[in-house]
There are 2 protein chains.
Amino acid sequence: MVQHPDPKYMRRAIELSAKAGIEERTGGVFGAVLVRKETGEIVGEGYNRVLADHDPTAHGEVLAIRNACRNLGTHVLEGCVLYTSAEPCPMCYASSLWAHVEAIYYGATYDDVKKYGQFEDADFLAEINASDEDKNVKIKQYLREEAVVPWKTYSELTDRIHY
Amino acid sequence: MVQHPDPKYMRRAIELSAKAGIEERTGGVFGAVLVRKETGEIVGEGYNRVLADHDPTAHGEVLAIRNACRNLGTHVLEGCVLYTSAEPCPMCYASSLWAHVEAIYYGATYDDVKKYGQFEDADFLAEINASDEDKNVKIKQYLREEAVVPWKTYSELTDRIHY
């Protein structure tokens, strides 16, 4: 039985963050590891590759989740703990919810990544919470009736898999 | 000059949603397309593949963003409009912010996807907004001083690329 948080996992996440931001220069200073809570086995790792992969979703946490799911052949990471070198942005936090991770430990804060890297994660949270009218990225509902048609068919499938 | 919203793009997103949820059964009923605002060119498409790919981040919008970025060789989609068959979850909305898309149009609402597919996107938004103490997925700050060390090095790099 492993106790969490355990510094060795966070240190691995920090090591990966340095790889991303300083050594390989693949993106910002962000790294993450996923650990099976009970056994302490590292089941997935990731580090920011936004620049290297031309992929704005290639954050450390997202890549660690995708890596763990690929390794385990599942889309759910129940019983896994996420260690990430910095406070997860809303995309990464929501990814963790979809993956059903059990707990999250983070190192640097939103303030730190803004101070040292001009990353504006906190502003994204405000943007998500703004009403649709107040958002900077305009978002509007459109053609709802047509979009609902396949949902009605889907709702009648007897063998669909929920996730 | 193309006017937005244009129904043909939303209909393509809806077509992709049916492919995902009904025809190929790769995941939920979600599809998305990215369109260059001025020319109307479709630069990326995606449909939910969570089940098929064992990837909880493989939502229609995320895959459309990744597809467009790969096609264009960039991590920014300025001047692009996202059409998605359903209201984007917080992960997908934040992905759109990171990608700098210009506007978002969505078809079905959170209520629709809950009613017809038991998807709880609205609950995720509440979870993101809950204080750390009130979150269902426990999140805690840990080893901040160590995590900040590589950030200090990073902040002194003279040739780092901001995104």
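Small disclaimer: the values here were computed from a predicted structure and weren't measured. So you know, we letter chains A, B, ... as the sequences are listed, proteins then strands, and number each from 1.
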Heavy-atom side-chain proximity of A:Glu87 to B:Arg144 below 4.5 angstrom: no
A:Lys138, NZ: over 12 other non-hydrogen atoms inside 6.0 angstrom: yes
Nearest atoms (heavy-atom pairs only) where A:Leu97 meets B:Val137: CD2-CG2, 3.4 Å
Max heavy-atom pair count under 4.5 Å with chain A, selected residue of B:Asn48, B:Leu125, B:Asn136: B:Asn48
Option that, when pairs with chain B are counted at under 4.5 Å, heavy atom only, ranks first among A:Ala18, A:Gly21, A:Ser17: A:Gly21
Interface moiety of B:Asp55 toward chain A, non-hydrogen atoms closer than 4.5 Å: both
Same apolar cluster (I L V M F W Y, side chains within < 4.5 Å links), B:Ile104/B:Tyr47: no
Whether B:Gln141 side chain and A:Gly107 backbone form a donor-acceptor pair below 3.5 Å: yes
Straight-line distance of B:Cys89 SG to A:Met91 CE, nearest 0.5 Å: 11.0 Å
Chain A contact via B:Ile128 - which portion, at a heavy-atom distance below 4.5 Å: both
B:Tyr9 vs A:Tyr142 side-chain heavy atoms within contact, under 4.5 Å: no
Gap separating the CG atom of B:Asn129 from the CG atom of A:Asn129, nearest 0.5 angstrom: 3.5 Å
Side-chain heavy-atom pair A:Met10, B:Glu146 within 4.5 angstrom cut-off: no
Region of A:Leu82 that comes under 4.5 Å of a non-hydrogen atom in chain B: neither
Check: A:Leu143 and B:Tyr106 side chains under 4.5 Å, non-hydrogen atoms: no
Residue A:Val101 versus chain B: region with a heavy atom under 4.5 Å: both
Chain A contacts, top residue of B:Phe124, B:Tyr83, B:Tyr105 (heavy-atom pairs, under 4.5 Å): B:Phe124
pair B:Asp112-A:Trp151: side-chain heavy atoms closer than 4.5 Å: no
Shared hydrophobic cluster, B:Leu51 / A:Ile65 (ILVMFWY, side-chain heavy atoms < 4.5 Å): yes
Which portion of A:Asp123 sits near chain B, non-hydrogen atoms under 4.5 angstrom: neither
Atom group of B:His100 that falls short of 4.5 Å from chain A, counting heavy atoms: neither
Contact class of B:Ile161 relative to chain A, heavy atoms under 4.5 angstrom: both
A:Cys92, part contacting chain B, at a heavy-atom distance under 4.5 Å: neither
For chain B, the option from A:Val76, A:Val113, A:Leu72 that forms the most heavy-atom pairs under 4.5 Å: A:Val113
Contact winner vs chain B - A:Arg70, A:Glu156, A:Glu127, heavy-atom pairs under 4.5 Å: A:Glu127
Shared hydrophobic cluster for A:Tyr110 and A:Ile14 (ILVMFWY, side-chain gaps under 4.5 Å): no
Side-chain heavy-atom pair A:Ser95, B:Val62 within 4.5 angstrom cut-off: no
Worked check of salt bridge (Lys or Arg N to Asp or Glu O under 4.0 Å) between B:Asp53 and A:Arg66: CA-CA 10 Å; B:Asp53 291 351; A:Arg66 298 181 66 213; over 6 Å; no
Sub-4.5 Å side-chain heavy-atom contact between B:Cys69 and A:Pro56: yes
Pairing of A:Arg25 and B:Asp159 as salt bridge, 4.0 angstrom limit: yes
Part of A:Tyr93 within contact of chain B (heavy atom distance under 4.5 Å): side chain
Chain B interface, residue from A:Glu15, A:His75, A:Glu102, A:Arg160 that has the most non-hydrogen pairs under 4.5 Å: A:His75
Top of A:Glu145, A:Lys135, A:Glu120 for chain B proximity - count of heavy-atom pairs under 4.5 angstrom: A:Lys135
Working for side-chain contact (heavy atoms from CB on, under 4.5 Å), residues B:Trp98 and A:Asp121: CA-CA 10 Å; B:Trp98 281 115; A:Asp121 299 54; 3.9 Å; yes
Minimum-distance pair of heavy atoms, taken over all atoms of B:Ala147 and A:Ser85: CB-O, 3.5 Å
Parallel, tilted or perpendicular: rings of B:Phe119 and A:Tyr154 (30°, 60°): parallel
Single-linkage hydrophobic cluster A:Ile139~B:Phe30, side-chain heavy atoms < 4.5 angstrom: yes
Best-contacting candidate, B:Ala99, B:Pro7, B:Ala68, B:Ala86, against chain A by heavy atom pairs under 4.5 angstrom: B:Pro7
Closest-packed option against chain B by number of heavy-atom pairs under 4.5 Å, given A:Gly31, A:Gly73, A:Ala58, A:Pro88: A:Gly73
Contact origin within B:Thr74 toward chain A - heavy atom pairs under 4.5 Å: backbone
Common cluster, A:Val50/B:Leu157, ILVMFWY with side-chain heavy-atom separation under 4.5 Å: yes
Selection from B:Pro150, B:Gly27, B:Ser155 maximising heavy-atom pairs under 4.5 Å formed with chain A: B:Pro150
